[in-house]
Number of protein chains: 2
Amino acid sequence: MPERPMGSSGAGQTRRRGAALEDAILRAAADELTEAGFARLTMDKVAIRAGTNKNAIYRRWPNRLTLAIAAYRRLATTVQPPDTGSLRGDVLEWLRQANRYWSSPQGAILRELFAAAGGATELLAQLQEQSGDAAAAPWLTILGRAIARGEASPEALHPRVATVAMTLLRNEFVVRGAPTAPDEVLVEIVDEVYLPLVRGRSAPPA
Amino acid sequence: MPERPMGSSGAGQTRRRGAALEDAILRAAADELTEAGFARLTMDKVAIRAGTNKNAIYRRWPNRLTLAIAAYRRLATTVQPPDTGSLRGDVLEWLRQANRYWSSPQGAILRELFAAAGGATELLAQLQEQSGDAAAAPWLTILGRAIARGEASPEALHPRVATVAMTLLRNEFVVRGAPTAPDEVLVEIVDEVYLPLVRGRSAPPA
DNA sequence: AGATTTACGGTACTGACCGTACCCTATTTG
DNA sequence: CAAATAGGGTACGGTCAGTACCGTAAATCT
């Protein structure tokens, strides 16, 4: 007479299926990511933690990396662009938020995933939109207000121009591997590159 | 009666030691890199190809990645910054060279190594100087000439400003995973970002 | 309700491959 | 010529990814 096993471990009372199981797997994977990082996330551990087995995982995701990226989505937090009243203040604050994120444990995971994705464009794109830091929209918001105030030139709305600051910051992490970027670097990016650039050819104030 | 084995394979006549052996290993590793890439470079294959065994490798490099980085050095080629007579021409040509490199098989390997290095700052730094694309020196050369011609402001000599174009290009590869960057992107980086930036606040010509 | 299909759970395995350990032998060094 | 050093051969331990079966619970159909 097989009583419901429901051991002390995570296994639920009844056999889970579909969305419920998928959810449990993703939760387990996200937990493994936060505790051990991607490098030490193994499919076996995820399966055990989710109270299931690898079959159920591979039936849903083709490999370890895609699972991890899917699980990372749960860890990603969305933030709002600041509105400090000045362009410089907005940009600096936005960069500082990004810096804090990249320096956080979650940021470390994101960097691992980026690295593991190697050149896989699709996965990278997926990560991009999840992490959201590459999004042009917040920059356009910030710049829109600045233009209205006369602090920036309309030409700055070009996406490549608008996002330059974040690109430079990300470069510090991805290419230099720094655990965190010193605040001086952020200030430098803002004062030496970003503000001169977005003020445009017709530079008004001091 | 052990005749010298010197099979058709790479094994030399006599037992190699020291620099000669090290050289053979690095050559073998470099060959493996170019043929199979880092992901498929295995220590066993390198050892076999070098006509030796893993002992000799591990006695010199602690792990697979450091061996690969050391071997990559042989693949890296050095190039000279162009001198076309105009700032725009120089910058565009320099970016195009970089684009070609990153798009080449060697560039793919470099990207793999970057990815594999993850956050290991030392290794990343080593790669940086080997690949040389992050070096500020060529940019300062280009800008120096441009300043003399009145095409750029002296403020552009700030390293973070001077290298912005390359940073943006590298971003295309490392973060977006593009196999190659369309020429329009390079032009855009030059015309929308770099030239406006280095011309400085006091923008002279059209 | 019972029959059928679907998807989980358990478990065992293959296959790769890194890194290490041992032991014998060629080369160099003194 | 002896002793020390470094290569070569080989065999493992250990870790994981990914796969293959097979029995069974849960959903779906009739």
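Because the structure is predicted, anything quoted here is derived from the model rather than measured. Residue numbering restarts at 1 for every chain, and letters A, B, ... go by the order of the sequence lines.
Under the rule for a side chain to side chain donor-acceptor pair (under 3.5 Å), the partners of B/Thr66 that lie at least two apart in sequence or sit in another chain are B/Asn63. A search for salt bridge (charged side-chain N to carboxylate O under 4.0 Å, His left out) contacts involving B/Arg74 returns B/Asp23, not counting sequence neighbours. The ring pair (Phe, Tyr, Trp, His ring centres under 6.0 Å) check on B/Phe114 picks up nothing, with sequence neighbours excluded.
One side chain, B/Glu155 or B/Ser153, offers a donor N or O that lies under 3.5 Å from an acceptor on the other.
A straight line from CG of B/Asn53 to P of D/dA6 spans 15 Å, rounded to a whole angstrom. Per the geometry, CZ belonging to A/Arg60 stands 19 Å off C1' belonging to D/dA17, to the nearest Å. Between A/Ile48 atom CD1 and D/dC16 atom C1' the separation is 12 Å, expressed in whole Å.
Against DNA chain D, the stretch residues 31-38 of chain A makes no heavy-atom approach under 4.0 Å.
OP1 and OP2 of C/dT28 both lie 4.0 Å or more from every side-chain N or O belonging to B/Arg16.
Of the candidate nucleotides D/dG8, C/dA7, C/dG9, C/dA7 has the atom nearest to the side chain of A/Arg17.
The number of heavy-atom neighbours closer than 6.0 Å to CZ of A/Arg40, taken from other residues, nucleotides and ligands shown, is 12 or below.
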Review item, side-chain donor-acceptor pairs of residues 136-147 of chain B, under 3.5 Å, at least two apart:
| unit_1 | atom_1 | unit_2 | atom_2 | d |
| --- | --- | --- | --- | --- |
| B/Thr141 | OG1 | B/Ala137 | O | 3.1 |
| B/Arg145 | NE | B/Asp83 | OD1 | 3.3 |
| B/Arg145 | NH2 | B/Pro82 | O | 2.6 |
| B/Arg145 | NH2 | B/Asp90 | OD2 | 3.4 |

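Judged by the 6.0 Å and 45° rule, A/Arg64 forms no cation-pi pair with A/Tyr58.
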Base-contact (B) and sugar-phosphate-only (S) positions in nucleotides 17-24 of chain C, heavy-atom cut-off under 4.0 Å, - elsewhere:
SBBBBB--
